[in-house]
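Heads up, the thing below is written out as structure tokens.
Remember, predicted model here, so these are calculated numbers, not experimental data. Chain letters run A, B, ... following the sequence lines, proteins first, then strands; residues in each count from 1.
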Amino acid sequence: MTATVAHVHEGTDAPYALSHLDALESEAVHIFREVAGEFEKPVVLFSGGKDSIVMLHLALKAFAPAPVPFTLLHVDTGHNFPEVLDYRDRAVAKHGLRLHVASVQEYIDAGKLRERPDGVRNPLQTVPLTEAIQQLKFDAVFGGGRRDEEKARAKERVFSLRDEFSQWDPRRQRPELWQLYNGRHAPGEHVRVFPLSNWTELDVWQYIAREKIELPEIYFAHEREVFQRGGMWLTAGAWGGAKDGETTETRLIRYRTVGDMSCTGAVDSDATTLDAVITEIAASRLTERGATRADDKLSEAAMEDRKREGYF
Amino acid sequence: MTSTTEQFADLSATTLLRFATAGSVDDGKSTLVGRLLHDSKSVLTDQLEAVERVSASRGQDTPDLALLTDGLRAEREQGITIDVAYRYFATARRRFILADTPGHVQYTRNMVTGASTADLAVVLVDARNGVIEQTRRHAAVAALLRVPHVVLAVNKMDLVGYEESVFAKIAEEFTAYATGLGVPEITAIPISALAGDNVVEPSANMDWYGGPTVLEHLETVPVSHDLTACPARFPVQYVIRPQTAEHPDYRGYAGQIASGVLRVGEAVTVLPSGRTSVIEGIDALGESVDIAWAPQSVTLRLRDDIDISRGDLIAPSSNSPATTQDVVATVCHVADQPLAVGARVLIKHTTRTVKAIVKEIPSRLTLDDLSQHPNPGQLVANDIGRVVVRTAEPLALDSYADSRRTGSFLLIDPADGTTLAAGMVGESFASTAETTIQADEEGWDF
């Protein structure tokens, strides 16, 4: 037997307190196990971004020493960062998992989706996502969404019932009391599950540091050729690049979020270590999404509108 | 160790306080929440800019801080809060999860939702109006849900000349009322959310007040002591059986400790079967430990290979709950469809969901004056009432007074899965003498 008092919280008179990270971890693990206990065919949305990486880590801990009893699903916009796709594939192989990929590019090639004039593909993810859920008959879909990200997400339940069209109706949400999650649903409906609901961006980073979780390199400061559009530093790629009047320059940057390259901006940063990233986030005066996501700036209710349609 | 690492160590050592706010529509709840977030530097530049932009586009002179919290289209259109929202902020001393609950009478169920996981509730009153019906309703919900700490924030002190006598009268009336309902701890604080008095910074306008500011109190109030002082309860969520070459014989019972402390070597009883064994090992998410406590998620290994599955409850043999098929409880009805005597429902208690039938609804409570209406026949949305429910299989229940986790349950409509009611087992101030099944006969320890 080892480490009997490893998690005792020092500095209070409480003999059995938990640190806030332990409390959040315990709650998230509880949510994973509830889904494993109550659903037939759950799936974890896995993009290779930090939130989904933390979710995979929690799932591995929740069921150890048994394997994770879920498959993974990635909605590939076709414009993902190569480093992130590489990480995704390595993680899947390392843990012997099964990955489903729903491809936005395939939908566009088949004429089922049309490229937007601005080239932003994030909103196009909704159709491949919802069709994959229907076709593969998933009844619980884990997402890494956090309530601190955005004010519509602040209203989201941990277990969020979606109809057969994957729609979210914020006015018809089930009250969620204590830790008694209600996963009942009719055939064709499914439940979106958010184990990280109560985590903040800083919590995620502190947890990554504590657990020594590996991340894709793009989360750490590196020199990269970028150009500015709409107040954000973007990386050129298969999706496009600088237009007339936009100039490319080499800057020391890192990414706070990982998404479609066309709408995920980099931030100026010299943080090359986890400690430095944590210090930077703690001092930042910008939210994660405000700093790096173009699609949330489309309108005051952009996230609510996308969520209503089935976005995660 | 670098200074950064030390700072990180400090950050990771902080505890978490979950709290809920309650207040009537015009009591300034949004302003208080906005002030707490703003003055604790939890509102970031881009959020504030968005609020300023929208406020300006509506012709308002000052940023409307309510826009920080009203996240839905319908809420912004109507200028009211419809649903519970959760907010996150931190100080050097503690992390906070705030359940921001609507104040409207018709959304009592949302305050119940927010209060169900709260360690503390802030009840807001307008100093000019004093204790009103809605204040009593909020105090009653906090008492019913057994929120351990209640803060009475007497707001708008700037509009009553910062008079100590005004505050003292309201504090006295509220304390007497809430104490009568069984609220264990009440802290009254005179504030002005608009001017910032005693929210984060101490007020220069109220020298007569020697207590903490709202934030100071939130930072220092003790949390979670109650959970580990109670007898241990371990609802089994999931059985872990890898059946791999590396772990051919591993059989672990995964779950979150609902209350109390569990130790290796402890004699335990599995309910409802009543089989007994001894805890052979505790796996705390990857590391083997000798002791674990609520609310840790762990995996237990037992000495004997007995039949245990999801929904069973593991408890110390020296202090295990009785099982029963007759549940007597107070419920808050949270659905639009009514709950009638004779209804066939599902009851979800910890990890166990069983069929049940509503045998009786002995009384309905009016929160405004706490009067009881006998045998209402049914409960509708936002009603609070007593119920007697017969279950198809025995449940290992505690009194809600002893454990919010093993004393609470949901009633669910088996037809469409709707959550109908939130239940709290055992006696409360909503109990009446007519309850047909006496709790004592069930062997519960109230």
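- Contact of B:Asp416 with chain A is made through the backbone alone, with heavy-atom distances under 4.5 Å.
- With A:Trp199 as the aromatic partner, A:Arg210 does not meet the cation-pi criteria of under 6.0 angstrom to the ring centre and within 45 degrees of the ring axis.
- For the residue pair A:Ser197 and A:Glu156, no side-chain donor N or O sits within less than 3.5 Å of a side-chain acceptor on the partner.
- Contact count against chain B (heavy-atom pairs under 4.5 Å) is highest for A:Asn198 among A:Val29, A:Leu274, A:Asn198.
- The pair A:Asp203-A:Arg146 does not count as a salt bridge, with every side-chain nitrogen at least 4.0 angstrom from each carboxylate oxygen.
- Residue A:Ala64 touches chain B through its backbone alone, counting heavy-atom pairs closer than 4.5 Å.
- With a 4.5 angstrom heavy-atom cutoff, A:His185 does not touch chain B via any of its atoms.
- When the candidates A:Ala23, A:Ala36, A:Ala186, A:Ala62 are compared by the number of heavy-atom contacts under 4.5 Å with chain B, A:Ala36 comes out ahead.
- Using a 4.5 Å cut-off between heavy atoms, A:Ala28 does not touch chain B at all.
- Proximity to chain A is limited to the side chain of B:Arg405, based on heavy atoms less than 4.5 angstrom apart.
- Here A:Glu214 does not pair with A:Lys94 in a salt bridge; the nearest charged N to carboxylate O distance is not below 4.0 Å.
- Under a 4.0 Å N-O distance rule, the pair A:Arg184/A:Glu189 does not qualify as a salt bridge.
- Considering only heavy-atom pairs separated by less than 4.5 Å from chain B, the leading option among A:Ser26, A:Ala66, A:Pro175 is A:Ser26.
- Contacts from residues 236-246 of chain B to chain A, taken as heavy-atom pairs separated by less than 4.5 Å, involve B:Gln237, B:Tyr238, B:Ile240, B:Pro242 in sequence order.
- Only the side chain of A:Arg174 comes within contact range of chain B, with heavy atoms under 4.5 Å apart.
- Side chains of A:Gln179 and A:His30: a donor-acceptor N/O pair is absent below 3.5 angstrom, by distance only.
- Listed options A:Ala154, A:Pro65, A:Pro69 were ranked by heavy-atom pairs under 4.5 angstrom with chain B; first place goes to A:Pro65.
- The pair A:Lys61-B:Asp283 fails the salt-bridge criterion, with no side-chain N (NZ, NE, NH1 or NH2) lying under 4.0 Å from an Asp/Glu carboxylate O.
- Proximity of A:Val191 to A:Arg157: side-chain heavy atoms (C-beta onward) are nowhere separated by under 4.5 Å.
- Under a 3.5 Å cut-off, the side chain of B:Gln296 and the backbone N or O of B:Trp293 do form a donor-acceptor pair.
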Would A:Arg33 and B:Thr299 count as a side-chain hydrogen bond (donor to acceptor under 3.5 Å, both in side chains) here? Give the steps. CA-CA 11 Å; A:Arg33 289 166 168 178; B:Thr299 305; 3.1 Å; yes
